[in-house]
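Within every chain, numbering begins at 1; the chains are lettered A, B, ... in the order of the sequence lines, protein sequences first and strands thereafter.
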There are 2 protein chains.
Amino acid sequence: MTLRAVGARAGVSRGAPYGHFENKEHLLTRLAIDTWTSLADEVERLRADPGCTPDARLERAVLALIEVGRRHPHRYALMFGTPADDPEAAGSAGRLENEFLALVADVVGEPGALHYGALVMSSAHGIAGMELSGHLSKEKWQVGSEELVRTLIDAIRGQANGLPG
Amino acid sequence: MTLRAVGARAGVSRGAPYGHFENKEHLLTRLAIDTWTSLADEVERLRADPGCTPDARLERAVLALIEVGRRHPHRYALMFGTPADDPEAAGSAGRLENEFLALVADVVGEPGALHYGALVMSSAHGIAGMELSGHLSKEKWQVGSEELVRTLIDAIRGQANGLPG
DNA sequence: CAATTTCATATGACTGTGTCATGTGAACTA
DNA sequence: TAGTTCACATGACACAGTCATATGAAATTG
């Protein structure tokens with residue numbers, strides 16, 4: 001997305017955004033932060049929903065992340081493309097990570113939650129990325145993202161419960 | 001990387017690459033293909049090494065993918081950023097995917113190899129991506145990529161062997 | 001050896017994009 | 001009414017991707 005395109009869509013000139021943002025990267029960082037925050041809000045609501053098992057809640061959270069990639073690929077790329085050294089970006093990303101951490105802890109227990117949380121977060125991001133880039137073709141692998149998420153959660157639950165410590 | 005920078009490094013002018021590549025995207029696609037191919041070669045050699053267990057071989061293959069991300073972040077981004085609709089790119093990517101598939105089959109058995117292969121490939125990509133974007137800070141998660149890879153492989157092996165079908 | 005074709009590259013021009021200095025008009029304020 | 005503020009437009013600059021054209025060296029051909 002070019003700044004001219006942003007301007008055109010908003011009906012203003014190309015230089016107008018520079019009154020509100022220091023440069024293009026700052027504008028993009030703002031978009032990334034908003035996306036992180038909105039997704040964190042969604043997962044937070046979802047985590048408060050008592051109407052399903054911890055497994056199902058975690059699954060829906062992971063699918064929510066993947067859905068952002070499907071619906072807003074550019075925004076999704078910004079989330080993980082924006083350097084994490086911006087404090088506000090790191091904060092909003094951390095909020096989502098903490099939501100995932102809590103959901104994972106409900107599935108695998110508190111010890112090891114960080115461990116499996118990192119794996120779930122990374123795998124979710126990887127599934128989204130593979131699907132986005134077209135490298136997760138159903139024709140090739142005969143599975144879709146939804147089944148992968150299911151398999152992932154089953155695997156870590158089994159691993160965590162079967163081999164404590 | 002701009003084409004002018006490519007030219008400067010090669011000691012030629014900015015337009016010189018256009019005698020060899022149709023446009024910038026084609027040049028970058030070529031880089032992506034070379035990276036896919038080189039990694040597939042490396043994993044193929046690794047797979048022929050009889051000196052370690054199937055687990056260890058798969059682990060080293062995943063780490064090889066992550067290592068590309070560490071050493072050549074731009075090339076890594078090109079691999080999964082280049083649209084997979086280019087036939088040659090799809091072919092070279094498919095070669096690496098098949099190497100992974102074979103390695104995974106040695107660990108979890110033939111049935112379910114596609115299933116777990118897709119998960120391993122996606123998770124590996126996700127771990128690499130999280131590390132690259134700085135979202136896998138050891139301070140936050142208290143784990144590094146190496147341990148995540150270990151955990152991932154343990155989890156899918158346990159899952160595949162414990163619950164057949 | 002001379003003429004010709006081929007080929008990689010240089011050069012200059014055009015477009016599009018990020019950026020900024022400056023100007024302008026409207027809304028708000030004293 | 002005059003001054004301040006604020007968002008935006010305008011025009012300019014630099015740079016990147018692209019292409020048409022020119023040049024000069026190497027290879028080929030007679």
Q: Before accepting this row, confirm whether a basic side-chain N of the pair Asp34(B)/Arg75(B) lies closer than 4.0 Å to the acidic partner's carboxylate O.
A: no

Q.
Here's a test of your reading of the structure: between Gly19(A) and Gly15(A), which maps to the more 5' nucleotide of DNA chain D?
A. Gly19(A)

Q | Which nucleotide in dA9(D), dT19(C), dT18(D) has an atom nearest any side-chain atom of Lys24(B) | A | dT18(D)

Q: Please report, rounded to the nearest Å, how far the P atom of dT9(C) is from the CZ atom of Phe21(B).
A: 11 Å

Q | Proximity to the side chain of Asn23(A) - top-ranked nucleotide from dC8(D), dT19(C), dT18(D) | A | dT19(C)

Q: Can you spot which of Thr53(B), Leu63(B), Val120(B) makes a side chain to side chain contact (heavy atoms under 4.5 Å, CB included) with Leu58(B)?
A: Val120(B)

Q.
Taking only side-chain N and O atoms of His20(B), does any of them lie within less than 4.0 angstrom of OP1 or OP2 on dC7(C)?
A. no

(Q) I'd like to know if Arg70(B) and Glu67(B) make a salt bridge, using a cut-off of under 4.0 Å between side-chain N and carboxylate O. (A) yes

Q: Could you check how far OH of Tyr18(A) sits from P of dT22(C), rounded to whole Å?
A: 18 Å

Q) How close or far is atom C1' of dT19(C) from atom CG of Leu27(A), stated in whole angstroms? A) 14 Å

(Q) So if I take every side-chain heavy atom of Arg14(B) and compare against dT11(C), dG18(C), dA9(D), which nucleotide ends up nearest? (A) dT11(C)

Q.
Can you tell whether the side chains of Asp55(B) and Arg157(B) come within less than 4.0 Å, N to carboxylate O?
A. yes

